[in-house]
Chemist: 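Starting off with a structure, shown below.
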Amino acid sequence: MKITTRVRSLLLLGLGFTVVLLTAGSLAWSQTPELSKTNSLPWMDRSLSPDQRADMVLKQMTLDEKIQLVHGTGWGVLRQGDPVPPRSNLGAGFVPGIERLGIPDINLADSAVGIRMAALQSRYATLLPSSLALAATWNLEAANLFGSVIGRELRDQGFNMSIGGGVDLAREPRNGRGFEYAGEDPVLAGSIAGNLMKGLQSQQVMGDIKHYAVNDQETGRSILNVVLDKRSLRESDLLAFQIAIAIAEPAGVMCSYNKLNGDYACENDYLLNQVLKKDFGFKGFVLSDWDGTHSSVNAVLNGLDMEMPGDGFLGDPLKKAIESGQIPQARLDDMVHRILRSMFATGVVDNPTMPRRVVDPFRGRDDSQQIAEQGIVLLKNADHLLPLAADHYKTIAVIGSHADAGVLSGGGSAQVDAPGGNAINPKHGASQWQKPVYFPSAPLKYIREKARNAKVEYNDGSDPAAAATLAKSSELAIVFVNQYMCEDRDSETLSLPENQDALVRAVAAANPHSIVVLETGGPVSMPWVKDVKAILAAWYPGIGGGQAVANILFGDVNPSGKLPITFAKTEADLPHPQVPGMDLQTKARAAGQRIGPFDVDYTEGVKVGYKWFEAEKKEPLFPFGFGLSYTTYNYSGLQVDEKQRQVTFSVKNAGSRAGAEIAQVYVELPASANEPFNRLVAWERIQLAPGESKTITLPLTPLYLSIFDEAKNDWQLLPGDYKVFVGPSSSESPLTANLSIHE
Ligand code: BGC
């Protein structure tokens, strides 16, 4: 039996013990073959290119060895009941190496925001903020740091491949996995994910970008067929992958569960052969999402290089297809070459993951908190209520979201295990599938530390009336609200779950100085937006989250994050007021049946997120790119250099606090493009001391200004008049200019 998501958690419970027992005796294994024997092999010469080295190994390999390298096991075993391969590191996947040729095993771990499933073996892994929070920093160095934390810890734990790196575009703000991705704009998302993966691979660990492609919702993810025209695809979802892959040159790209225009993504010639390998020039290997392989010949000929996990298609059936000539030998050699060259290119052959080390939790926490502090977005700050003066308040109410215990994390295969167990239920060891896990970084503790003269009382928020009573007797009320999101299910609505809107309303009615802190996977609606004074979007802020939130509330850190995703007022304003297929799923479940295949027709095309809102003239609750600061910034002096294709402008910090402004450049294409909305084409995160002014020059990258011409199957920079907008968000452009392009 193959391991499906459904049996995964059951299996893991059983595996927890068996695995530890089975491997206990083999802990002293040499994970890579004895170096003394293999160091002298000719392909160990580091002066040769990864491709040359891969080819040399390939020539020595038998057919069976090649087949062995193009599929693997998952969570320790291939089939229920099988023994765990002794050298498996018990991550999501394991591909045994070729010892006689000095090719190490590949141990793969889920690691979107930190390494998953560490608790099963009493390992520690840093929980980083959500990837969406990272995108809210708009900071490519932060992305690099984020990736390097994951890479460092993977290596410390003995893994040499990550299967994180999500960059599916946020077409669907209710997507259960939106927190694992980098938002709705292809240029921002691709740049963030690419730099993340570059940072990860800098630790000599193989990286991966996923889920390729248009796996933009969880509802029916393995049975739905996305319908989307090629131009829209290339200018939106696929552009994010294109950018990320160009930046990181990742070892792997994971193809997704869904179909695209009729074919499964993992056997889709257009996606894999034509676009990824030919147009993007991707040199690494395509691995299937877990159990996302559907055939042998079809999949391999259409571009799949590795089945994960299992051998149902790329084990014996592949061998037979090679022997019978249904699949040319050259194609198998290409698959193996791609895997080997990625191992050489990233350094996993030359730098074995032994000996292991204890992960440095302090360093991880500092790095995580630093990123969280840059990604928290201040959405509202009426009457400059924030930052709070530490000595000013005598009584503060802290309400809701287990703020006395910790901060929420996202679930599914991005779940990291909390040190000491779930902060709200420490008795539970490893995390459980689709059960919220809180990390022990309690905002209450840090608020108490800062507000030295105040009595800070906590109410759990389960009873809005009781919370309101506490709020009424306090000078200030800070309400924490959350939205738990995880893989394999979407949120039905944009509303906060569990009556939390009523909680905020009750508190706001009781206390005119109410602040809301959101710990959410993505955007939520806020029917109470006018009733509260201040709002912070803290996302899932990671292991240093409580402290990061307190640092922002009290002004130790000046907020600088900006939204990487639009917050709609209501789902009625979205391109799809209901998550596509959700109604079918509800009906099927009610009838005790499984949902059948369905199409998701993304009729909005390229108009994802803010582009939709602009083109449809809908006003969002908070626009893409928006975020406030405790200081103010003035923009001036926009110049467009048409020849050099670049823009220059100045930003001044007009306030009395140091801060970082994310200045954004948008462009509207000539009318002939028929794209009546702006596109983000450049940005800069500018650190400014009080009163300081900086002049910035940013490139207008031709790709970001181009349209995809389907007939020519190529990008085209249209001649004509472009409009350039520069400012603090997608909806505010103090500076505008024209740009003429006439080739
Ligand atoms: C998820 C992937 C994940 C894999 C292994 C799949 O269900 O979609 O993102 O990497 O499982 O855990």
Side-chain angles (χ1 to χ4, degrees), residues 31-33 35 38-39 41-61 65-66 69-70 72 93 95-98 101-109 111 143-144 147-148 150-152 154-155 158-165 167 190 193-210 212 241-255 272 276-287 303-306 308 332-353:
Q31 197 219 353
T32 42
L35 286 178
T38 55
N39 264 347
L41 295 168
W43 49 87
M44 292 303 171
D45 176 354
R46 297 181 193 197
S47 67
L48 300 172
S49 73
D51 289 307
Q52 287 172 320
R53 297 174 74 181
D55 281 340
M56 290 165 89
V57 179
L58 191 63
K59 283 205 185 96
Q60 305 298 321
M61 288 172 77
E65 284 170 336
K66 291 177 186 173
L69 215 54
V70 297
V95 180
I98 318 285
L101 302 176
I103 300 304
D105 307 324
I106 308 177
N107 269 297
L108 307 92
S111 47
N144 205 290
S148 72
I150 298 175
R152 184 171 78 216
L154 281 167
R155 181 156 272 284
F159 291 104
N160 56 8
M161 181 160 187
S162 153
I163 45 170
V167 72
N195 279 280
L196 188 165
M197 216 29 82
K198 197 172 171 184
L200 185 140
Q201 292 198 151
S202 73
Q203 305 299 305
Q204 281 107 29
V205 168
M206 287 195 281
D208 160 66
I209 305 270
K210 71 183 186 185
Y212 186 75
F241 279 93
Q242 178 172 357
I243 294 168
I245 289 165
I247 294 170
E249 297 188 13
V253 164
M254 185 192 286
C255 50
L272 305 183
L276 179 66
K277 292 183 178 173
K278 186 161 159 281
D279 293 357
F280 296 174
F282 173 62
K283 294 200 180 104
F285 58 98
V286 177
L287 69 161
L304 182 69
D305 301 309
M306 183 187 275
M308 281 308 290
L332 177 63
D333 288 352
D334 172 52
M335 294 156 73
V336 175
H337 176 95
R338 285 170 174 277
I339 296 166
L340 291 172
R341 69 96 53 206
S342 304
M343 296 177 84
F344 284 116
T346 49
V348 307
V349 180
D350 300 330
N351 305 280
T353 51

Chemist: Output yes when a side-chain donor or acceptor of Asn195 lies under 3.5 Å from a complementary backbone atom of Asn144, and no otherwise.
Modeler: no
Chemist: Run the numbers on Lys66 and Leu58 for side-chain contact (heavy atoms from CB on, under 4.5 Å), then give the verdict.
Modeler: CA-CA 8 Å; Lys66 291 177 186 173; Leu58 191 63; 4.0 Å; yes
Chemist: Quick one, Lys277 and Asp305 - any side-chain contact, counting heavy atoms below 4.5 Å?
Modeler: yes
Chemist: Could you list the donor-acceptor pairs under 3.5 angstrom formed between side-chain atoms of residues 202-210 and any protein atom two or more places apart in sequence or on another chain?
Modeler:
| from | atom 1 | to | atom 2 | distance (Å) |
| --- | --- | --- | --- | --- |
| Ser202 | OG | Gly199 | O | 2.5 |
| Asp208 | OD1 | Met254 | N | 3.1 |
| Lys210 | NZ | Ile163 | O | 2.7 |

Chemist: Can you pull out every side-chain hydrogen bond (donor to acceptor under 3.5 Å, both in side chains) where at least one residue sits in residues 336-349? Sequence neighbours excluded, please.
Modeler: Asp51-His337, Asp51-Arg341, Asp55-His337, Asp334-Arg338
Chemist: Looking only at non-hydrogen atoms, find the nearest pair between Leu108 and Met308 and report the distance.
Modeler: CD1-CE, 4.2 Å
Chemist: Testing the basics here: between Trp43 and Leu101, what is the closest heavy-atom pair and its distance to 0.1 Å?
Modeler: NE1-O, 2.9 Å
Chemist: What I'd like to find out is whether the side chain of Phe344 reaches to under 4.5 Å of the side chain of Ser49, using heavy atoms alone.
Modeler: no
Chemist: Run Leu276 and Val253 through side-chain contact (heavy atoms from CB on, under 4.5 Å) and show every step you take.
Modeler: CA-CA 9 Å; Leu276 179 66; Val253 164; 4.0 Å; yes
Chemist: Specify the closest pair of heavy atoms between Leu41 and Gly102, including all atoms of both residues, with the distance to one decimal.
Modeler: CD1-N, 4.0 Å
Chemist: Is atom NZ of Lys198 surrounded by more than 12 heavy atoms (other residues, nucleotides or ligands) closer than 6.0 Å?
Modeler: no
Chemist: Nearest heavy-atom pair of Gly97 and Asp105: which atoms, and what distance?
Modeler: N-OD1, 2.7 Å
Chemist: Quick one, Cys255 and Leu287 - any side-chain contact, counting heavy atoms below 4.5 Å?
Modeler: no
Chemist: Atom CG of Leu154 and atom CE of Met161: how far apart are they, to the nearest 0.5 Å?
Modeler: 10.5 Å
Chemist: Does Ala248 offer a backbone N or O that forms a donor-acceptor pair with the side chain of Gln201 under 3.5 Å?
Modeler: yes
Chemist: Report the distance from atom CD1 of Ile150 to atom CG of Leu196, rounding to the nearest 0.5 Å.
Modeler: 5.5 Å
Chemist: Which heavy atom of Met197 sits nearest to which heavy atom of Gly164, and what is that distance?
Modeler: CE-C, 4.1 Å
Chemist: Shortest non-hydrogen contact from Gln60 to Glu65?
Modeler: O-OE1, 4.1 Å
Chemist: For a side-chain contact (heavy atoms from CB on, under 4.5 Å) check, start with the C-alpha distance between Leu69 and Met306, then their side-chain angles and the critical distance, and finish with the verdict.
Modeler: CA-CA 8 Å; Leu69 215 54; Met306 183 187 275; 6.0 Å; no
Chemist: Output the distance between atom CG (Asp45) and atom CD (Gln52), rounded to the nearest 0.5 Å.
Modeler: 9.0 Å
Chemist: Using the side-chain contact (heavy atoms from CB on, under 4.5 Å) rule, take Val70 and Val336 through it: C-alpha gap first, then chi angles, then the decisive distance, then the call.
Modeler: CA-CA 7 Å; Val70 297; Val336 175; 4.1 Å; yes
Chemist: Roughly how far, to the nearest 0.5 Å, is the CD atom of Glu249 from the CZ atom of Phe280?
Modeler: 14.0 Å
Chemist: Quick one: pull up CD1 in Ile106 and CD1 in Ile339 and give me the separation to the nearest 0.5 Å.
Modeler: 6.0 Å
Chemist: Does Arg53 reach the side chain of Leu340, with side-chain heavy atoms less than 4.5 Å apart?
Modeler: no
